[in-house]
Number of protein chains: 2
Amino acid sequence: MTEENIGCSCNLVHEEIVYMVKKEMPAEETLYDLAELFKVFGDTTRVKILYALFAAEMCVCDIASLLGMTQSAISHQLRVLKQARLVKNRRDGKVMYYSLDDEHIKHIFDQGLLHINEK
Amino acid sequence: MTEENIGCSCNLVHEEIVYMVKKEMPAEETLYDLAELFKVFGDTTRVKILYALFAAEMCVCDIASLLGMTQSAISHQLRVLKQARLVKNRRDGKVMYYSLDDEHIKHIFDQGLLHINEK
DNA sequence: TAAACATATGAACAATTGTTCATATGTTTA
DNA sequence: TAAACATATGAACAATTGTTCATATGTTTA
């Protein structure tokens with residue numbers, strides 16, 4: 001119940017509610033993981049890559065061509081997406097094909113669009 | 001149909017599909033806005049603030065106390081959340097109360113948790 | 001009206017991040 | 001097996017970002 005005093009007294013009135021809210025919040029680690037996940041979505045290049053993969057499995061070269069970006073830049077970003085378990089890849093000869101590894105992404109993006117398109 | 005050549009030839013096979021995917025992708029501006037929105041979610045402090053506000057309207061001081069952070073740090077982040085139209089505020093005397101300004105946030109977070117909790 | 005209080009904000013700084021460049025790795029083909 | 005090819009990756013760099021510190025702004029109270 002004893003919150004750190006940060007030099008104001010207004011919260012004394014709400015001490016009880018603050019205490020309850022704190023107890024209901026997800027674990028520190030969960031909140032961190034959640035932020036990390038959204039951080040991955042927080043880049044135009046990665047969003048574009050994911051949108052491309054919504055439509056079809058594609059190779060690195062296809063994606064680079066589609067987005068008009070360097071193979072290296074795309075490769076670096078695909079690595080980030082892979083680490084976040086958002087995409088998976090398979091090799092076919094020299095070519096590496098990437099595709100989505102999660103069904104929730106589209107849904108999360110759709111919800112994001114709802115917010116953006118709100119008046 | 002003429003994509004920029006980036007020095008590989010593998011995509012020549014997929015030119016047609018790449019062309020179609022490109023046509024189906026949301027507008028550049030939409031993709032940018034979407035990334036900007038997720039960028040806001042991509043910080044632990046802001047995620048925590050939003051989770052706190054899921055439970056109750058709170059003043060700046062309450063949030064700072066709850067998270068064990070500086071009033072200034074919280075204030076700066078609330079500004080970011082406000083600019084993204086994720087929270088709104090009302091003044092009651094000297095105290096400024098913040099609350100959620102969007103119904104989708106909780107849903108987006110829940111979807112994010114689904115991804116995190118996937119094996 | 002002056003002091004107290006809650007919050008906002010600008011400047012500074014360290015830390016993080018995305019792209020580029022050069023090159024390494026892995027696979028196929030001649 | 002050497003050359004060609006697709007992709008991965010490390011280092012470097014500019015740009016962005018989150019927090020702190022100091023202080024400004026807005027409101028209430030004595």
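Note that these values count all heavy atoms, side chains included, but never hydrogens, waters or copies made by symmetry.
Among the nucleotides D/dT27, C/dT27, C/dT7, the one closest to any side-chain atom of B/Arg91 is D/dT27. Closest to the side chain of B/Gln77, from the set C/dA8, D/dG18, C/dA11, is D/dG18. When distances run from any side-chain atom of B/Ser72 to the nucleotides D/dT20, D/dA8, D/dT9, the shortest one goes to D/dT20. The listed nucleotides are D/dC21, C/dA8, C/dC5; the one nearest the side chain of B/Gln71 is C/dA8.
Listed here is the closest heavy atom pair of B/Ile74 and B/Met69: CD1-CB, 4.0 Å. Of all heavy-atom pairs spanning A/Asp101 and A/Val87, the tightest one is CB-C, 3.6 Å.
In this structure, CZ of A/Arg90 is placed 16 Å from P of D/dA6, rounded to the nearest angstrom. C/dT27 atom C1' lies 10 Å from atom CE of A/Met96, rounded to whole Å. A/Lys94 places its NZ atom 12 Å from the P atom of C/dT27, with the value rounded to the nearest Å. The nearest whole Å value for the distance from the CG atom in B/Leu81 to the P atom in D/dG18 is 10 Å. Per the geometry, CZ belonging to A/Phe38 stands 22 Å off P belonging to C/dT16, to the nearest Å. The distance from atom CG of A/Asp62 to atom P of D/dC5 is 17 Å, rounded to the nearest whole Å. The distance from atom CE of B/Met58 to atom C1' of C/dA6 is 15 Å, rounded to the nearest whole Å. A straight line from CG of B/Asn89 to C1' of D/dT27 spans 15 Å, rounded to a whole angstrom.
Listed in residue order, the members of residues 40-50 of chain A having a heavy atom less than 4.0 Å from DNA chain D come to none.
A 4.5 Å side-chain heavy-atom check between A/Ser75 and A/Leu78 finds every atom pair outside the cut-off. With a 4.5 Å cut-off on side-chain heavy atoms, A/Gln71 and A/Val60 count as touching. When side chains are defined from C-beta on, A/Lys106 counts as touching A/Asp110, because their heavy atoms get closer than 4.5 Å.
Taking only distance into account, the side chain of A/Thr70 never meets the base of C/dC21 through a donor-acceptor pair shorter than 3.5 Å.
Evaluated for a side-chain hydrogen bond (donor to acceptor under 3.5 Å, both in side chains) with B/Gln111, the options A/Gln111, A/His104, A/His107, A/Glu103 yield exactly one hit, A/His107.
Contact between the side-chain N/O atoms of A/Tyr98 and the OP1/OP2 oxygens of D/dA8 is found at a separation under 4.0 Å. Between B/Ser75 and C/dT7, a side-chain N or O to OP1/OP2 separation shorter than 4.0 Å is absent. At the phosphate of C/dA8, neither OP1 nor OP2 sits under 4.0 Å from any side-chain N or O atom of B/Arg79.
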Apply side chain to side chain contact (heavy atoms under 4.5 Å, CB included) to residues B/Cys59 and B/Asp62 and explain how you reach the verdict.
CA-CA 5 Å; B/Cys59 72; B/Asp62 285 337; 3.4 Å; yes
Let me have the donor-acceptor pairs involving side chains of residues 34-54 of chain A, under 3.5 Å, with sequence neighbours excluded, atom names and distances please.
from, atom 1, to, atom 2, distance (Å)
A/Glu36, OE2, A/Lys39, NZ, 3.1
A/Asp43, OD2, A/Thr45, N, 3.0
A/Asp43, OD2, A/Arg46, N, 3.1
A/Arg46, NE, A/Val40, O, 2.6
A/Arg46, NH1, A/Gln77, OE1, 2.9
A/Arg46, NH2, A/Lys39, O, 3.2
A/Lys48, NZ, B/Glu28, OE1, 3.1
A/Lys48, NZ, B/Glu28, OE2, 3.1

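Under a 3.5 Å cut-off, the side chain of B/Arg90 and the backbone N or O of B/Ser99 do not form any donor-acceptor pair.
The nearest heavy atom of DNA chain C to A/Ala73 and to B/Ala73 marks one nucleotide each, and the one closer to the 5' end goes with B/Ala73.
One distance of note links CG of A/Asp33 with NE2 of B/His115; it measures 9.5 Å at 0.5 Å rounding.
B/Lys39 comes within 4.0 angstrom of the backbone, heavy atoms only, and of no base.
For the pair B/His76 and D/dT19, the ring geometry does not qualify as stacking, because the centroid separation below 5.5 Å and plane angle under 30° are not jointly satisfied.
If one axis is set at each end of the helix from C/dT1-D/dA30 to C/dA30-D/dT1 from five pairs, those axes are 10° apart, to 10°.
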